[in-house]
Amino acid sequence: MSSDSGIQEVIEAGILRALSDLTSSGAIPASTQIPHEITLERPKNRDHGDYATSIALALAKSSGLPPRDIATLLKGALQADGEISVALSAIDIAGPGFLNLTLARASQGGVLSTILNRGADFGKSSTLAGVKINLEFVSANPTGPLHLGHTRWAAVGDALGRVLSAAGADVTREFYVNDRGVQMDLFGESIRAAALGIARPESGYHGAYIDDLAKLIVASNPEFKTLELNESIEAFRDAGYALQLADQKRVLGEMNTHFDIWFSERSLYEENFFNHCLDRLKKEGHVFELDGAVWLRTTDFGDDKDRVMIKSDGSFAYFASDSAYYISKRERGFDVLIYMLGADHHGYVHRLKALASCAGDDPTKNIDILIGQLVKILENGEELKLSKRAGTIITLEELIEKVGVDAARYTLIRYPVDTPMVMDVDVLRSRTNENPVYYVQYAHARICGVLRNATDLGIAYGVDQIHPELLEHERERELIGALGEFPRIVASAAELREPHRIARYLEELAGVYHRFYADCRVLPLGDEQPSSLHSARATLCRSTAQVIANSLAMLGVSAPEKM
RNA sequence: GUCCCAGUAGCUCAGUGGAUAGAGCGACCGCCUCCUAAGCGGUAGGCCACGGGUUCAACUCCCGUCUGGGACACCA
């Protein structure tokens with residue numbers, strides 16, 4: 001576990017120690033089912049202390065003792081434990097048997113020194129150390145601009161990558177490029193038609209960007225127009241592919257989203273790789289032939305139908321690529337493959353998991369599929385549907401132009417992906433409370449302003465100016481408590497693959513800070529002499545700025561020093 | 001028909017089995033001659049869709065019902 005939130009783990013260990021002592025002394029019956037781990041809760045209500053545990057309630061049944069009696073025994077044992085009694089200033093039994101714990105001031109100071117000493121590393125942990133994760137997201141066809149359907153993953157996927165890395169995982173971010181198949185040929189045909197000024201294929205691509213591509217390509221390669229039909233289509237296709245992929249990379253870069261690997265679907269069929277994959281699957285015994293086609297018997301593992309890999313005409317079905325790609329990832333050494341798919345692909349979940357099973361893997365461990373619901377975008381109260389350039393829906397680039405990278409990313413990340421969301425452009429452009437990204441960034445900028453003033457006034461702050469005994473105001477306690485939560489928020493966001501938890505935490509932290517700021521004067525007033533309290537509060541501000549900056553970095557959103 | 005997701009304040013939505021279910025907006029009332037008002041405080045507003053079950057404890061887990069959205073090719 002991380003060393004960041006030390007005090008909490010110390011108490012958790014102390015409770016376990018106390019329980020085992022109580023059992024061995026006979027105070028609690030040996031039949032009592034003591035858990036292996038205890039996780040302290042953070043009570044919502046401040047009257048319930050800094051931490052609370054309901055362990056006494058949970059043990060009531062198996063011990064046959066009333067919960068409050070167990071709580072009383074526990075309280076006594078904790079008070080007798082030197083390490084614990086020093087760390088806590090109060091242990092209260094409340095309600096049906098909750099144990100409410102209040103930290104001693106010195107223990108609270110420990111959080112601040114940890115934050116200041118670890119700096120940008122505060123929040124990182126090793127909960128996923130040694131786990132090699134392949135994180136695949138966006139994976140758009142290279143046949144057009146990235147649109148609204150891709151934006152959510154561009155932001156959430158990138159943030160999840162950062163969160164997983166912070167939890168110690170070895171993360172590779174991968175973009176799967178669907179660069180083969182019918183769609184690519186239609187793409188080439190469409191560009192060629194635009195170049196020649198003839199009718200485009202019915203089911204082809206019709207956006208204005210096709211004309212742009214055609215002009216660009218013809219400008220540098222006028223000879224493409226006069227090639228023999230198939231060669232011409234191929235030439236336009238490959239040139240258009242290169243331009244479009246470059247454009248996607250550029251826009252994703254603007255979005256502050258980065259990939260380690262751009263994986264080409266075509267490459268799955270080079271150097272006999274597909275046959276190698278097929279052989280591997282055959283060895284596992286779930287491949288069969290029927291009606292001249294080659295199938296994978298995914299129904300062995302709960303899929304509703306078997307899937308064709310090689311069609312009876314000898315061509316590859318899309319599932320052939322899925323299968324080979326899966327094998328490729330596993331052979332490249334990844335323990336966990338995370339797929340981030342749109343809601344329109346949720347039907348893939350069963351077959352991908354079945355595929356993992358067919359490959360001899362554990363679908364509950366080696367593969368993790370996240371389904372993102374759709375995003376709508378509103379402007380002037382109306383849904384935006386059409387994009388002039390793409391001919392379909394709003395592009396990622398247009399979204400960035402409208403609201404900026406920070407607002408776009410933050411808003412996309414702050415909701416769990418399994419709820420459909422609506423982005424209101426007018427709200428995202430507003431500079432008020434209703435726009436959470438500004439609320440959070442403003443807290444950071446505000447602190448930076450205070451610290452600039454502190455420096456001007458010669459107020460010392462830093463790890464040697466914590467003075468925990470002076471930070472006794474309720475708002476100060478709240479703030480310190482919130483800061484200490486960060487490491488476990490990061491760990492749970494990584495474990496649950498839910499980066500939105502970082503954003504929600506951030507909003508909570510910013511709110512706690514603003515309230516602290518309103519109630520606790522940081523710098524000397526008028527001709528007041530600088531004191532240790534000023535230094536202590538400035539140090540608390542510095543610690544808060546660090547945690548806000550670390551959180552924002554994890555979302556890929558900037559932390560401005562002035563606004 | 002089968003499968004997935006959702007249903008929480010007037011609106012947009014948080015809420016990893018715990019105590020009195022939260023935030024922002026909208027409504028109403030307050031707070032800047034001194035650290036950033038892009039901020040803070042207060043009031044009003046809830047059968048957590050409905051019915052069962054599991055549990056010491058359910059908005060949370062399980063089953064069913066209703067409503068809304070989406071998916072179900074030898075397409076990619």
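Every chain is numbered from 1 and lettered A, B, ... according to where its sequence line falls, protein lines coming before strand lines.
Pairing of B:A44, defined by two Watson-Crick or G-U wobble distances under 3.5 Å, is not identified with any nucleotide. Base-pair partner of B:U20: not found among the strands shown (Watson-Crick or G-U wobble, both distances under 3.5 Å). Across every strand in view, B:A9 sits unpaired, with no contact that passes the Watson-Crick or G-U test at under 3.5 angstrom. B:C59 is unpaired under the Watson-Crick or G-U wobble criterion, no partner having all donor-acceptor distances under 3.5 Å. Of the nucleotides present, none pairs with B:C32 by Watson-Crick or G-U wobble criteria with both distances under 3.5 Å.
If you check B:A6, B:C72, B:C74 against the side chain of A:Asp304, the one that comes closest is B:C72. Proximity note for A:Val522 (side chain, C-beta onward) versus B:C40, B:C5, B:C35: the nearest is B:C35. Of the candidate nucleotides B:C13, B:C34, B:C56, B:C34 has the atom nearest to the side chain of A:Leu525. Out of B:A37, B:C35, B:A6, the shortest distance to the side chain of A:Thr419 is found at B:A6. Closest to the A:Glu41 side chain, of the nucleotides B:A37, B:G18, B:C5, is B:G18. Nearest to the side chain of A:Asn453, among B:C35, B:G15, B:C56, sits B:C35. Taking only side-chain atoms of A:Tyr517, from C-beta outward, the nucleotide of B:C35, B:A19, B:U16 with the closest atom is B:C35. Comparing B:C3, B:U36, B:C40 by their nearest atom to the side chain of A:His350 picks out B:C3. Side-chain atoms of A:Ser54 lie closest to B:G18 of the nucleotides B:G18, B:C74, B:A14. The side chain of A:Tyr415 lies closest to B:A14, out of B:U36, B:C40, B:A14.
Across all strands, A:Arg497 comes closer than 4.0 Å to no nucleic acid atom at all (heavy-atom distances). When heavy atoms are screened at a 4.0 angstrom cut-off, A:Ala52 is found touching base atoms of the nucleic acid. Across all strands, A:Val450 comes closer than 4.0 Å to base atoms (heavy-atom distances). A:Glu528 comes within contact range of no nucleotide atom at all, as no heavy-atom separation falls under 4.0 Å. Residue A:Arg307 is classed as having no contact, given no heavy-atom separation below 4.0 Å to the nucleic acid. As judged by a 4.0 angstrom heavy-atom cut-off over every strand, A:Asp424 is placed among residues making no nucleic acid contact. Contacts of A:Lys44 with the nucleic acid, taken as non-hydrogen atoms under 4.0 Å apart, involve only primed sugar atoms and P, OP1 or OP2. Residue A:Ala343 is classed as a sugar-phosphate contact, given heavy-atom separations below 4.0 Å to backbone atoms only. Using a 4.0 Å heavy-atom cutoff across all strands shown, A:Asn178 reaches no nucleic acid atom at all. In this structure, A:Gly526 reaches the bases: a heavy-atom distance under 4.0 Å links it to at least one base atom across the strands shown.
Between A:Asp456 and A:Arg452 there is no salt bridge, since none of the side-chain N atoms of the basic residue sits less than 4.0 Å from a carboxylate O of the acidic one.
At the phosphate of B:G41, OP1 or OP2 sits under 4.0 Å from a side-chain N or O atom of A:Arg515. Taking only side-chain nitrogens and oxygens, A:His500 comes nearer than 4.0 Å to OP1 or OP2 of B:G15. The side chain of A:Arg446 places an N or O atom within less than 4.0 Å of a non-bridging phosphate oxygen (OP1 or OP2) of B:A37. For B:A57, the OP1/OP2 oxygens have no side-chain nitrogen or oxygen of A:Lys61 closer than 4.0 Å. A:Tyr439 has a side-chain polar atom (N or O) that falls below the 4.0 Å cut-off from OP1 or OP2 of B:C40.
Taking NZ of A:Lys75 as the start and CG of A:Leu99 as the end, the distance is 8.5 Å to the nearest 0.5 Å. For the atom pair CG (A:Leu186) and OG1 (A:Thr143), the distance works out to 9.5 Å, reported to the nearest 0.5 Å. We find the CG-CD distance between A:Leu451 and A:Glu561 to be 9.5 Å, quoted to the nearest 0.5 Å.
Nucleotide B:C40 holds its P atom 16 Å from the NE2 atom of A:His473, rounded to whole Å.
The aromatic ring of A:Phe98 sits over the base of B:A19, with ring centres less than 5.5 Å apart and planes inclined by under 30°.
Comparing A:Ala317 and A:Gly347 along RNA chain B, the residue whose closest nucleotide (by nearest heavy atom) sits nearer the 5' end is A:Gly347. Mapped onto RNA chain B by nearest heavy atom, A:Pro416 and A:Tyr318 fall at different nucleotides, with A:Pro416 at the one closer to the 5' end.
Comparing the same atom, C1', in B:A49 and in B:G41 gives a spacing of 35 Å after rounding to whole Å.
Remark: A:Arg475 fails to qualify as a cation-pi partner of A:Phe516 under the 6.0 Å distance and 45° angle criteria applied to the six-membered ring. Annotation: cation-pi geometry not satisfied between A:Arg446 and A:Tyr513 (NZ/CZ under 6.0 angstrom from ring centroid, within 45° of ring axis).
Taking 3.5 Å as the limit, the base of B:A19 and the side chain of A:Asn100 contain a donor-acceptor pair of atoms between them. With hydrogens and angles ignored, a donor-acceptor pair under 3.5 angstrom links the side chain of A:His346 to the base of B:C3.
Taking the six-membered ring for Trp and the full ring otherwise, A:Phe137 and A:Phe175 have centroids separated by 6.0 Å or more.
Closest approach of A:Pro43 to A:Gly49, counting heavy atoms only: CG-O, 3.7 Å.
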